[in-house]
2 protein chains.
Amino acid sequence: MNKMAGKTEGEQVIVIAGLVFKGQDCPVRDVVDNIGGKWNTLMILALADGPMRFSALRRLIPDISQRMLTQTLRDLQRDGYIARAVFPTQPPSVEYSLTPLGQSFLVLVKGLVDWSVVHHEAIRAARATYDAAA
Amino acid sequence: MNKMAGKTEGEQVIVIAGLVFKGQDCPVRDVVDNIGGKWNTLMILALADGPMRFSALRRLIPDISQRMLTQTLRDLQRDGYIARAVFPTQPPSVEYSLTPLGQSFLVLVKGLVDWSVVHHEAIRAARATYDAAA
DNA sequence: CCGTATCCTTCATGATACTG
DNA sequence: CAGTATCATGAAGGATACGG
């Protein structure tokens, strides 16, 4: 049922698996781009069990640079996955938590993780086979 | 229940949401990296309804360059998501199809797509709000 | 403690032209 | 038809230093 249809003028519409993908306003693109980021999914998982402070996240994920931690949190906040709360302590503390949207998304991420765990071996095996044939 | 544990020597183990993430051999990383690619999920969807020839995929997804189409197909084949079948016609024709692993993965991708469609508006709204505040 | 600012490197992608 | 080869570029990510 895959089809491609051109509109009357210039604007192109792609239909795949019953879904419309337009060049720009594709609903999926935004979400996939977020998953694609190196740290985004991990950050969602890190906040799965409750709010966390900036420094706590750094300790939890030592491999991330401060720059990337900030940026990842900003991106996720901007898209509504996480919330940022500042407490006027001295020095100030900032707490991040999943929004309802983020919690909804967490379900997908967990599904992804579970699938990965189950099929990881098959993937590694396929890779080995392919590389051996090359 | 998030914890970080250091092993006796050097090797670092990160535990998030009950899962172990080691620097290299992380089962999730491979999968997420694949999803992250610009065309990978779209390609999986494109093959959802059955096998497709190279040229058919080009027509279906006009925005992809030949180079990226080839590379995306190669990557997915290497990881075992899709199969490549060459038919000795003149000129030769090549058909790509989802493997069982790919079909299993398709379920996740569809879940992702559905979620995106449902929550796309919320995300766009969050973005608008955030940008307005800035 | 929680960031910004700056610089730098690498990699993914795109454009284009050519081949069995 | 189904690719390869080559070159160019922009974005993503890392390292480091500084600021409120």
Side-chain angles (χ1 to χ4, degrees), chain A residues 12 21 23-24 26 29-43 46-47 51-79 82-97 130 133-134, chain B residues 12 21 23-24 26 29-43 46-47 51-79 82-97 130 133-134:
Chain A
Q12 202 168 47
F21 295 84
Q24 298 300 49
C26 171
R29 182 63 60 191
D30 294 333
V31 177
V32 168
D33 284 353
N34 255 319
I35 293 191
K38 187 168 179 179
W39 304 106
N40 295 335
T41 54
L42 196 53
M43 202 62 58
L47 295 174
M52 281 232 201
R53 305 240 328 246
F54 188 88
S55 49
L57 288 169
R58 284 205 70 182
R59 280 190 297 275
L60 181 66
I61 312 174
D63 288 354
I64 197 173
S65 68
Q66 205 166 21
R67 182 188 180 284
M68 274 298 110
L69 180 54
T70 300
Q71 184 175 309
T72 303
L73 290 169
R74 281 258 189 290
D75 290 348
L76 291 174
Q77 185 197 349
R78 186 172 106 100
D79 281 13
I82 67 179
R84 180 175 185 269
V86 184
F87 298 98
T89 56
Q90 192 52 252
S93 59
V94 181
E95 202 173 77
Y96 294 91
S97 60
Y130 182 93
Chain B
Q12 201 168 45
F21 295 83
Q24 298 300 49
C26 172
R29 182 62 61 191
D30 293 332
V31 178
V32 168
D33 284 353
N34 255 317
I35 292 191
K38 188 168 180 182
W39 304 107
N40 295 334
T41 54
L42 196 53
M43 202 60 59
L47 295 174
M52 281 233 203
R53 308 240 325 246
F54 188 87
S55 50
L57 288 169
R58 284 206 71 182
R59 280 189 298 274
L60 182 66
I61 312 172
D63 288 355
I64 197 174
S65 68
Q66 205 167 24
R67 183 186 180 285
M68 274 299 111
L69 179 54
T70 299
Q71 184 174 310
T72 303
L73 289 169
R74 281 258 188 290
D75 290 347
L76 291 174
Q77 186 197 350
R78 187 171 106 101
D79 281 13
I82 67 179
R84 180 177 184 269
V86 184
F87 298 99
T89 56
Q90 191 53 253
S93 60
V94 179
E95 204 174 74
Y96 293 91
S97 59
Y130 182 93

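Residue numbers start from 1 in every chain, and the chains themselves are labelled A, B, ... in the order their sequence lines are given, proteins ahead of strands.
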Item checked: Close side-chain approach of Q71(B) and W39(B), heavy atoms under 4.5 Å -> no

Note to self: Do M43(A) and L69(A) make a side-chain contact, defined as non-hydrogen atoms from C-beta onward lying under 4.5 Å apart?
What the structure shows: yes

Can you measure [X] atom [atom1] to [N] atom [atom2] for me and round it to whole angstrom units?
X      : N       : atom1 : atom2 : answer
D33(A) : dA11(D) : CG    : P     : 13 Å
L69(A) : dG3(C)  : CG    : C1'   : 10 Å
L73(B) : dC1(D)  : CG    : P     : 16 Å
Q71(B) : dG3(D)  : CD    : C1'   : 13 Å
I61(B) : dT13(C) : CD1   : P     : 14 Å
F54(B) : dG20(C) : CZ    : P     : 17 Å
R58(A) : dG3(C)  : CZ    : P     : 11 Å
R84(A) : dC1(C)  : CZ    : P     : 15 Å

Can you check whether [X] has a side-chain N or O nearer than 4.0 Å to OP1 or OP2 of [N]?
X      : N      : answer
Y96(A) : dG3(C) : yes
R59(B) : dA2(D) : no
S55(B) : dA2(D) : yes
R67(A) : dC2(C) : no

Side chain of [X] - closest among [options]:
X      : options                  : value
R74(A) : dT4(C), dC2(C), dG3(D)   : dT4(C)
P91(A) : dG3(D), dC1(C), dT4(C)   : dC1(C)
K38(A) : dT4(D), dT13(C), dG14(D) : dG14(D)
V94(A) : dG14(C), dC2(C), dT4(D)  : dC2(C)

Notebook entry, point to check: 5'-most contact on DNA chain D: M68(A) or P92(A), nearest heavy atom basis?
Noted result: M68(A)

Note to self: Return whichever of G37(A) or T70(B) has its heavy-atom-nearest nucleotide of DNA chain D closer to the 5' end.
What the structure shows: T70(B)

Next item on the list: Would you check if there is a donor-acceptor pair between the side chains of N34(B) and D79(B) at a distance under 3.5 Å?
Entry: yes

Next item on the list: Remember a base hit wins even if backbone is also touched, and classify Q66(B) as base, sugar-phosphate or nothing at under 4.0 Å, heavy atoms.
Entry: base

Margin query: Applying a 4.0 Å non-hydrogen cut-off, can you work out what F87(B) is touching in the nucleic acid: base, sugar-phosphate, or nothing?
Written below: nothing

Next item on the list: Enter the distance from I64(B):CD1 to L42(B):CG here, rounded to the nearest 0.5 Å.
Entry: 7.5 Å

Margin query: Measuring from atom CZ of R59(A) to atom CZ of R53(A), what distance do you get when rounded to the nearest 0.5 angstrom?
Written below: 8.0 Å

